[in-house]
Number of protein chains: 2
Amino acid sequence: MDRTQGRTARRSAPRGTYPVGDERRARILDTAVDHFAQWGFHASSLARIAKDVGITQGGLLHHFRSKEDLLVSVLRHSDEQDSERFFSPDPRSAAEAFESLIELARYNSQRPGRTRMFNMLAAEAGEHGHPAHEYFIHRYRTIIDKNTETLRLAVERGELKPGIDYAGISAESIAVMDGLQLQWALAPDTFDMTGRLRTYLDRLMRQISADGSGLPGRT
Amino acid sequence: MDRTQGRTARRSAPRGTYPVGDERRARILDTAVDHFAQWGFHASSLARIAKDVGITQGGLLHHFRSKEDLLVSVLRHSDEQDSERFFSPDPRSAAEAFESLIELARYNSQRPGRTRMFNMLAAEAGEHGHPAHEYFIHRYRTIIDKNTETLRLAVERGELKPGIDYAGISAESIAVMDGLQLQWALAPDTFDMTGRLRTYLDRLMRQISADGSGLPGRT
DNA sequence: GTCTATATCTAGATAGAC
DNA sequence: GTCTATCTAGATATAGAC
């Protein structure tokens, strides 16, 4: 919220100081991603994060008033980027929605820090009272509901078979992604996460599509 | 290792003190499961664990020489119990192996502490240098390899279709379990984890079984 | 087997100098 | 915007009394 106000203020008073602050904030956020990925929220340390950024703890707390504020900012920042990149235009078909998931997995395999962070925080947030508990509950519900709605529309268009529990299918697809990311974080070089998700979604598509076809193959 | 020696000593000198120690150790292990579930390894505190057990930190460190020793003991203890209970007799068919997985999921839904602990530690252990990093790499490789071998034998017996990537299928099944457990830990009352795993495995079975049948239905 | 005491270190947050 | 200083609290681990 402070950040938003800062940006608004910048527009009305376009002096040269704010952009520097924005860049510093961005570097703090990036560094925090790696720390939350390694330590989770509880065991992360503002002093260590600040040291990695190259400032002191006091300096960091000028930009984020508390550790919890930093966590919330990191999560919101991360998810905003992704929803713009992967989920902003409504998919025109179920196959296209599945392709978006595969694209997201591919992207995640190129940013291990962020991927590990979500593995870590999603697990940690299972506890009532964790500062991101409600956030993650809402996050999963939103993603799964949106996915379910996409599949429901595909049924109406005759792409997918009717009479299937598509809410269950949606939750299952996300579970496969998360589970594969967990294995991948442990041993990234031992298997192709993107390929394995594609195999799963292709088999799924064959079973639920009205004409029995899978995803369009790549080359 | 100290524990093993202690048990050996008990046999040769059967005085009445050791069983008390064993019971105390068991209570420490149980309590530690809940703490590792909530805090992970790094953010857990020996003093808080000891307080929950009803002893002091010094007392706890008599039984486990360090925090890391406690972690390793908890993991080994947990996995020993489960492999005896679910994976000890070789399954006679792929369907039976899948049923074991479903049974495990059902059991896990009845012990949220242990389930959350494995969610948490598996994510935390993704980092190189985590005291359970190698443990979890080995754990996944063992589980998936064993699963793969079971499916391979089923192919030889003509139960399952040949020409399918059964190593991939095995990793995928474990991913579904883990992903569902992650969602379940966040909101246990909103969905039936066991039922959802059964739905997935039944659909999978229909697609890979030689005669196209799924899992035997439950009444 | 458990206690107390202690050493050493690190945590998050606040206040105020520059 | 970043620093230093400071406060309170809590961490792991060791040593030795009982």
Side-chain angles (χ1 to χ4, degrees), chain A residues 2-3 5-7 9-10 13-29 31-32 35-36 38-74 124 129-132, chain B residues 2-3 5-7 9-10 13-29 31-32 35-36 38-74 124 129-132:
Chain A
D2 269 340
R3 272 173 58 224
Q5 284 172 0
R7 283 193 181 137
R10 179 158 53 125
R15 293 277 192 80
T17 57
Y18 284 96
V20 177
D22 276 6
E23 197 265 342
R24 174 55 46 97
R25 256 192 287 270
R27 281 195 43 214
I28 295 174
L29 288 172
T31 307
H35 280 252
F36 289 145
Q38 175 167 191
W39 303 97
F41 172 75
H42 294 304
S44 282
S45 145
L46 291 181
R48 282 197 304 257
I49 295 170
K51 193 180 176 187
D52 267 15
V53 174
I55 58 177
T56 62
Q57 194 213 159
L60 193 159
L61 284 171
H62 169 77
H63 299 281
F64 303 93
R65 69 184 51 173
S66 71
K67 195 182 173 185
E68 196 167 324
D69 181 34
L70 178 59
L71 174 71
V72 172
S73 301
V74 164
E124 205 180 22
H130 188 283
Chain B
D2 268 341
R3 272 173 59 226
Q5 285 173 357
R7 285 192 177 136
R10 177 160 55 123
R15 292 277 191 80
T17 56
Y18 284 97
V20 177
D22 275 4
E23 197 265 343
R24 173 57 44 96
R25 256 192 288 270
R27 280 195 45 214
I28 295 173
L29 288 172
T31 308
H35 281 252
F36 288 145
Q38 175 166 192
W39 302 97
F41 172 73
H42 293 303
S44 282
S45 146
L46 291 181
R48 284 198 303 258
I49 295 171
K51 193 179 177 188
D52 268 15
V53 175
I55 58 176
T56 63
Q57 194 215 172
L60 194 158
L61 283 171
H62 169 76
H63 297 282
F64 302 93
R65 69 183 54 170
S66 71
K67 195 182 173 185
E68 196 168 322
D69 180 35
L70 177 59
L71 174 71
V72 172
S73 301
V74 164
E124 205 181 22
H130 188 284

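What's counted below: heavy atoms across the whole structure, side chains too, no hydrogens, waters or symmetry copies. To find a chain, count down the sequence lines: A is the first, B the second, and so on, and within it residues start at 1.
- In this structure, the ring-ring contact (aromatic ring centres under 6.0 Å, His included) partners of B:His42, at least two apart in sequence or on a different chain, are A:Trp39, B:His130.
- Across every non-hydrogen atom of B:Val74 and B:Ala32, the tightest pair is CG2-CB, 3.8 Å.
- As a whole-Å value, the separation of A:Asp22 CG from D:dG1 C1' is 13 Å.
- Rounded to a whole Å, the NE2 atom of A:His42 is 12 Å from the P atom of C:dG12.
- Phosphate proximity of C:dT2 to B:His63: present, with a side-chain N or O under 4.0 Å from OP1 or OP2.
- In this structure, B:Arg25 contributes its side chain and B:His63 its backbone to no donor-acceptor pair below 3.5 Å.
- Note: NZ (A:Lys51) to C1' (D:dT4) measures 17 Å, nearest angstrom.
- Counting any heavy atom pair closer than 4.0 Å across all strands shown, A:Leu60 reaches no nucleic acid atom.
- For the pair B:Phe64 CZ and C:dG1 C1', the interatomic distance rounds to 14 Å; values are reported in whole Å.
- Under 4.0 angstrom from either OP1 or OP2 of C:dA11 there lies at least one side-chain N or O belonging to A:Ser45.
- The CG atom of A:Leu61 sits 8 Å away from the P atom of C:dT14 (whole-angstrom rounding).
- In this structure, B:Leu70 atom CG and D:dA11 atom P are separated by 14 Å, rounded to whole Å.
- Phosphate proximity of D:dG1 to A:His62: present, with a side-chain N or O under 4.0 Å from OP1 or OP2.
- For the side-chain contact (heavy atoms from CB on, under 4.5 Å) criterion with A:Phe64, the lone passing option out of A:Leu46, A:Leu70, A:Val72 is A:Leu70.
- Side-chain atoms of A:Lys67 come within 3.5 Å of backbone N or O of A:Ser44 as a donor-acceptor pair.
- Among the protein residues, A:Thr56 comes within range of the nucleic acid bases, having at least one heavy atom under 4.0 Å from a base atom.
- Across the protein-nucleic acid pair, A:Arg27 atom CZ and D:dG1 atom P stand 15 Å apart, rounded to whole Å.
- The nucleotide whose nearest atom lies closest to any side-chain atom of B:Arg48 is, among C:dG1, C:dT14, D:dG10, D:dG10.
- When each of A:Lys67 and B:Gly58 is assigned the nucleotide of DNA chain C with its nearest heavy atom, B:Gly58 is the one assigned upstream, toward the 5' end.
- With distances taken from any side-chain atom of A:Leu46 to the nucleotides C:dG12, C:dT2, D:dA11, the minimum falls on C:dG12.
- Between the CD1 atom of A:Ile55 and the P atom of D:dT2 there is a distance of 6 Å, given to the nearest Å.
- OP1 and OP2 of C:dG12 both lie 4.0 Å or more from every side-chain N or O belonging to A:Ser66.
- Among the nucleotides C:dA13, C:dC3, D:dT12, the one closest to the side chain of A:Gln57 is C:dA13.
- Proximity of A:Arg24 to the phosphate of D:dT2: a side-chain N or O atom is located under 4.0 Å from OP1 or OP2.
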